[in-house]
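Have a look at the structure below before the remarks.
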Amino acid sequence: MNIQHTYKYTVTKLFPGGVRPKMHLWVVLIIALAVNSCIEPYFADIGDEPELISIEGSIIKGLSRQEIVISRTTSLGNPVFEPVKGCLVSVMDELNNEFVFDETYNGIYTLEIDQSSLVEGRNYKMVVVTPGGAHYESEYEILESSVPVDSVYYDIEPSLDPVNGIEADGLQFYVDLLAPDTVSRYFRWKITETYEYTSAGPIHYYYMDLSFEPVVPDDIWGLYRCWKTDELEDIFLTSTLNLATNEKKQIPLNYVSTLNDRLKIRYSLLVHQYALDEEAYNYFMQNKIATEGSGGLYTRQPQQPITNIYNVDDASERVLGYFWTSEMTSRRIFVSKLPELDVKDYFYPLEIFNMEDHGAGPFPMAIMEEDGVRITGSPICFDCTRRGGTTERPDFWE
Amino acid sequence: MVEYKDGADFLSPDPIETQVLQGSQDSEGVELMVKKNNDRLTGWVSYTLSRSMVLINGLYEEQKVNGGVPYPSNFDRPHSFNLVANYRISRRLSFSSNIVYSTGRPVTLPVAAYYAEGRPFLLYSARNAYRIPDYFRIDLSVNLEGNLKFKKVAHSFWMLNVYNLTGRSNAYSVFYEVEDGAINGYQLSVFARPIITLSWNFKFGNYNSN
């Protein structure tokens, strides 16, 4: 069926009754062109793109290494992290003790501060001088004392996976807050998760080249078991301002689904708790709203970021970022494999070795033998570090 | 009047009162119009100069919009110009044209990107600090009346219209999409091309019948 025949057949079916295809084609084309709505690229006339400085800093009692990150804004077409290097960065307390930071990496300034110098109730401020001579300071922030993490626990709860629409069980973690009224009413938690996982199996031997001579590794289980640690990006906040007491139960933290293998062997959650002042809480709440809202760019009214940093020589300059202080307390929990949870295995694309498919490599080729059958696959199947973990067991692992 | 507060959640299940703030709106302006009713050339031209500013202020930051500084309302349209002109060449043939111009409506735009806690954020302009492109449109039509016989059952006329003669892509909305990590702006135009229509009309009676 050639194109001309198909066209006549299609148009005749669309417009039955012996109408000439050519006339209707013109009519359809004219109408389509006439009412055609149009989407074109739009470039806002915003003049010179603003190059604002963003300074994020904190002084955390309970943390040995303090960090301050300095960067600049970038264009929408290329939203990358643009560090500001070569700044003079320091933190001063109300007694004029100065702690000078070193630039350890592009835009990242760090310092190990003795914990005895970080006093609860004392005020601290940050001072930054850029290579261009701009002088920025933060307001004085009081180092809020925190309280021990009361308890961290979990419940088995179902959840609908947003990607594939599958409902499965998982663990919802919670934290309880128990604090006296003399402590701040605003709290934040940061979560670091560590989980143990394995590769598909041991590497019984390698094929290093086309000779297909087996080469046995020193430890066939050497790349089998790994531990992966991730700091979660989610922002967990709560306020007890409207409550009679400074207590709150069952504050939701992260959710771990059984649709991945993090709960397969052993899982650990390290919860860091921080006490904030009201403005720091509002700053992190803004960030939470901006990054964790659903629906993309159009479900929330844009907002102007809060800051407590200003240009000493030009108070009208807009500065981004925040300097905050707190005491940090922590608690870690472990979760072993739960029999009532059906945790999905990680999919490893294994293949039965045959010369037709694997005769040309690639090399080195890892081989696992099972009941006399040679099994191979891509490197991720047998090298657990390919998934981002390490074979070194963490010191804290129980 | 009420306005959405900074960070308001449009899809929030919470009561709307938790997402809006109350304030005041001041509007002022002047309208001018000249009309010509006689001779071959008739029509009118009007121009409106107006401002509509909103002020949402309060004791605390969360009670303010735009830092408590007045900003253009969503309906602020400083300049609005309209011209309607009809030219009668003969009793049977006439032209008419329509010119519309107005300032684009205010909009809050993302202007840059920055990083905080290792994550990218969008930096937005002040509330309604920018405007979508101005609206401008020219329409033209030619009217050809039927014969001028006094006694006739029905009188007909042809009308050839061109809507949006210049084919200007007037922005209906401006939006942004995240594509491959970049934030790209787009404008949607509903009628982005001249629309030509030819119509035949009739009425009972003759040329002069209403």
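Any value given below was found using the heavy atoms of this structure, including those in side chains, with hydrogens, waters and symmetry copies removed.
The backbone N or O of A:L276 sits less than 3.5 Å from a side-chain atom of A:S184, completing a donor-acceptor pair.
Heavy atoms closer than 4.5 Å to chain B are found in both the backbone and the side chain of A:P302. Contacts between B:E62 and chain A at a heavy-atom distance below 4.5 Å involve the side chain alone, from C-beta outward. When heavy atoms are compared at a cutoff of 4.5 Å, A:E231 does not approach chain B at all. For a residue to count as touching a neighbouring chain, one of its non-hydrogen atoms must lie under 4.5 Å from one of that chain's; by this rule A:F43 does not touch chain B. Only the side chain of A:E56 comes within contact range of chain B, judged by heavy atoms closer than 4.5 Å.
Between A:E137 and A:K125 there is a salt bridge, since a side-chain N of the basic residue sits under 4.0 Å from a carboxylate O of the acidic one. With respect to the salt-bridge test (charged N to carboxylate O, under 4.0 angstrom), the residues B:K5 and B:E17 do not qualify. Here A:R72 does not pair with A:E82 in a salt bridge; the nearest charged N to carboxylate O distance is not below 4.0 Å.
Ranked by non-hydrogen atom pairs under 4.5 Å with chain A, the options B:A116, B:P133, B:P120 are led by B:A116. Contact count versus chain A (heavy atoms, under 4.5 Å) is highest, among B:A182, B:A113, B:A126, for B:A113. Comparing B:G118, B:S125, B:G67 by heavy-atom pairs within less than 4.5 Å of chain A, the highest count is held by B:S125.
Applying a 4.5 Å heavy-atom cutoff, the residues of residues 159-175 of chain B that approach chain A are B:S169, B:V174, B:F175.
Between B:Y176 and A:Y42, the two ring planes are perpendicular [angle over 60°; tilted spans 30° to 60°].
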Just distance, no hydrogens or angles: give the donor-acceptor pairs under 3.5 Å from side chains in residues 194-202 of chain B, sequence neighbours left out.
from	atom 1	to	atom 2	distance (Å)
B:S199	OG	B:N201	ND2	3.4
B:W200	NE1	B:S156	OG	3.4

Distance-only donor-acceptor pairs under 3.5 Å for side chains of residues 80-90 of chain B, two or more places apart:
from	atom 1	to	atom 2	distance (Å)
B:S90	OG	B:R92	N	3.3
B:S90	OG	B:L93	N	3.2

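Taking the centre of each ring, A:Y281 and A:Y186 come in below the 6.0 Å mark.
The side chain to side chain donor-acceptor pair (under 3.5 Å) analysis of residues 65-76 of chain B, with sequence neighbours excluded, yields the pairs B:E3-B:Y71, B:R51-B:D76, B:S52-B:S73, B:N74-B:N128, B:D76-B:R131.
In the displayed structure, B:E31 atom CD is contacted under 6.0 Å by at most 12 heavy atoms of other residues, nucleotides or ligands.
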